[in-house]
There are 2 protein chains.
Amino acid sequence: MEVSQNPLNRKQQIERTATSLFRTKGYAATSMRDLAHELGIEAASLYSHIKSKEEILQRVCFRVAQEFFEALDAAEANSGCATSRLKKAIAAHVRVLTQNTEASAVFLYEWRHLSEPMHSTYRNLRDRYEARFRDMIREGTASDEFHVPDEKFAVLTILSALNWIHTWYRPDGKMKPAEIAENISNMLLHGLSYPTQPH
Amino acid sequence: MEVSQNPLNRKQQIERTATSLFRTKGYAATSMRDLAHELGIEAASLYSHIKSKEEILQRVCFRVAQEFFEALDAAEANSGCATSRLKKAIAAHVRVLTQNTEASAVFLYEWRHLSEPMHSTYRNLRDRYEARFRDMIREGTASDEFHVPDEKFAVLTILSALNWIHTWYRPDGKMKPAEIAENISNMLLHGLSYPTQPH
DNA sequence: CCTACCGATCGGTAGG
DNA sequence: CCTACCGATCGGTAGG
């Protein structure tokens, strides 16, 4: 992951502003005139930098997808037991979510406005991402670390618990990303009934 | 909850069809002409039965909200310990979700297109609903049944795990609503690491 | 429930 | 990056 401190070029500014609008108003309800107005230019001028409204959505969705995969790769690199791998994967997922709250909200809820073939490509990526979590659960079940009625069910429950974070997370809030990951991991691995360890 | 077997009147047909379109295409991307076409009439004819596009969204959102509250009231009626109350509340929530997959998806993701004052009314309802779950968690913490770092955090994690169900639940699938509730309750209360009870 | 139609707005292009 | 503009489509109304 590369964090650029350079001033954003015009295309990046457009994408960033569009991400914010897509997140709050939704893709379909955001007009190119809304976007242009936010940037202080005319709608027609946007097309010197981008090909179409949908191109922006595509770029946002696939950039976030790539970040999720890179984070998961790093998390699975030096793998221990299934429990520790799952914990690392959860922490990586939370990190991407919290570092890209707006973009990840667009990634999660606006992708359905992608047209073919991008729509199918996106779905395949999501499937492959979830499959890697299913593998972790399956291995944890084999090693008797986890006890779940259905791997797919467990993965969807885990990811849905994580994917809600963008609705309430605030960078200046009291819970930091690592703490959120720790708390969610504890809750998902041990449950509400389990005493939390003091630290 | 009243399940009517009567044939739907025209207004109900419009709402049901709109719900399905809002769910798959999103509210903003669904046109009144789309809706009319699906019903085999002209767009102008819709307005003999409804006042506006937004009226449909309002009716769907607030009908679902009412169902969630009624189900929660029933679940909390003969209350036992916090654990059993939470389990019943989860089962009630899952029942409403699975019996109204399309409407609850609209309720969860399209409400932001409500204009004021309905937008605020909706948010207040959601807040009150979540507050009742927070109360359950708080009481369970007081009675040493639950151990959570933060009640609000716990509630949002629980509800987000539940609210994803509509994306994969199929009435003819292998997991029945009661079973889904049971599995999610176990996972949330005891965690992945806890042996599942055979039944 | 229809035909006929309204003003507003949409994504996008031509040409500079 | 702008002015000027395109055809298409939007939610909704009038009048029957």
Side-chain angles (χ1 to χ4, degrees), chain A residues 6-62 106 109-119 122, chain B residues 6-62 106 109-119 122:
Chain A
N6 299 339
L8 301 176
N9 65 31
R10 206 47 161 164
K11 184 158 184 171
Q12 290 170 322
Q13 279 181 48
I14 291 171
E15 267 179 43
R16 209 230 243 149
T17 307
T19 301
S20 171
L21 288 170
F22 291 171
R23 187 250 184 107
T24 48
K25 305 177 61 136
Y27 175 77
T30 301
S31 74
M32 296 305 272
R33 283 156 180 87
D34 289 338
L35 175 55
H37 178 80
E38 205 79 14
L39 291 159
I41 60 176
E42 293 301 316
S45 307
L46 292 167
Y47 293 88
S48 327
H49 302 95
I50 54 147
K51 282 201 286 285
S52 66
K53 184 182 176 186
E54 197 182 317
E55 190 210 10
I56 307 176
L57 181 63
Q58 282 172 21
R59 291 175 60 94
V60 175
C61 287
F62 290 102
V106 172
Y109 301 111
E110 304 300 327
W111 63 272
R112 63 174 161 181
H113 294 108
L114 293 170
S115 56
E116 293 296 348
M118 289 311 195
H119 192 270
Y122 176 93
Chain B
N6 299 339
L8 300 175
N9 65 31
R10 205 50 161 163
K11 184 157 184 170
Q12 290 169 323
Q13 280 182 46
I14 291 171
E15 268 178 45
R16 210 230 243 150
T17 307
T19 301
S20 171
L21 288 170
F22 291 170
R23 189 249 183 106
T24 48
K25 304 177 60 135
Y27 174 78
T30 301
S31 74
M32 295 306 270
R33 283 158 181 85
D34 289 337
L35 176 53
H37 179 78
E38 204 79 15
L39 291 158
I41 61 177
E42 293 301 317
S45 307
L46 291 167
Y47 292 89
S48 327
H49 302 97
I50 54 148
K51 283 204 282 290
S52 67
K53 183 183 177 184
E54 196 183 320
E55 191 210 9
I56 307 177
L57 181 62
Q58 282 172 21
R59 292 176 58 97
V60 175
C61 287
F62 289 102
V106 171
Y109 301 109
E110 304 301 326
W111 64 271
R112 64 175 161 178
H113 294 108
L114 293 170
S115 56
E116 293 297 348
M118 289 310 195
H119 193 270
Y122 176 94

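Numbered from 1 within each chain, the chains take letters A, B, ... in sequence-line order.
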Exercise. Go through the structure and list residues passing ring-ring contact (aromatic ring centres under 6.0 Å, His included) with A/His37, not counting sequence neighbours.
Key: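 Per chain and number, A/His37 pairs via ring-ring contact (aromatic ring centres under 6.0 Å, His included) with no residue.
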
Quiz item: Who pairs with B/Tyr27 by ring-ring contact (aromatic ring centres under 6.0 Å, His included), at least two apart in sequence or on another chain?
Solution: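 For B/Tyr27, the residues satisfying ring-ring contact (aromatic ring centres under 6.0 Å, His included) (neighbours in sequence not counted) are B/Phe22, B/His113.
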
Exercise. Mind checking side chain to side chain donor-acceptor pair (under 3.5 Å) for A/Arg33 and listing every partner two or more places apart, or none if nothing turns up?
Key: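 Scan of A/Arg33 (side chain to side chain donor-acceptor pair (under 3.5 Å), adjacent residues dropped) gives none.
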
Exercise. Quick one: list whatever passes side chain to side chain donor-acceptor pair (under 3.5 Å) with B/Ser45, sequence neighbours left out.
Key: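 With neighbours one apart ignored, the set is empty.
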
Exercise. Would you mind reading off the distance between A/Leu35 atom CG and D/dC1 atom P, rounded to a whole angstrom?
Key: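 Going from A/Leu35 (CG) to D/dC1 (P), I get 12 Å.
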
Quiz item: Can you give one letter per nucleotide of nucleotides 3-16 of chain C, going 5' to 3': B for a protein heavy atom under 4.0 Å from the base, S for sugar-phosphate only, - for none?
Solution: BB-----BBBB---

Quiz item: Are A/Ile56 and A/Lys11 side-chain neighbours, meaning at least one heavy-atom pair lies under 4.5 Å?
Solution: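 Not in contact.
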
Quiz item: Is there side-chain contact between A/Asp34 and A/Ser31, with at least one heavy-atom pair below 4.5 Å?
Solution: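 Yes - at least one pair of side-chain heavy atoms lies under 4.5 Å apart.
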
Quiz item: For DNA chain D, what is the dot-bracket line, given that a base pair needs Watson-Crick (N1 to N3, plus N6-O4 or O6-N4) or G-U wobble (N1-O2 and O6-N3) geometry with both distances under 3.5 Å, and | means paired with another strand?
Solution: ||||||||||||||||

Self-check item: Spacing of B/Phe62 atom CZ and B/Tyr122 atom OH [to the nearest 0.5 Å]
Solution: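 If I round to the nearest 0.5 Å, the distance is 8.5 Å.
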
Quiz item: Could you state the interatomic distance from CG (A/Leu35) to NZ (A/Lys53), rounded to the nearest 0.5 Å?
Solution: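 If I round to the nearest 0.5 Å, the distance is 9.5 Å.
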
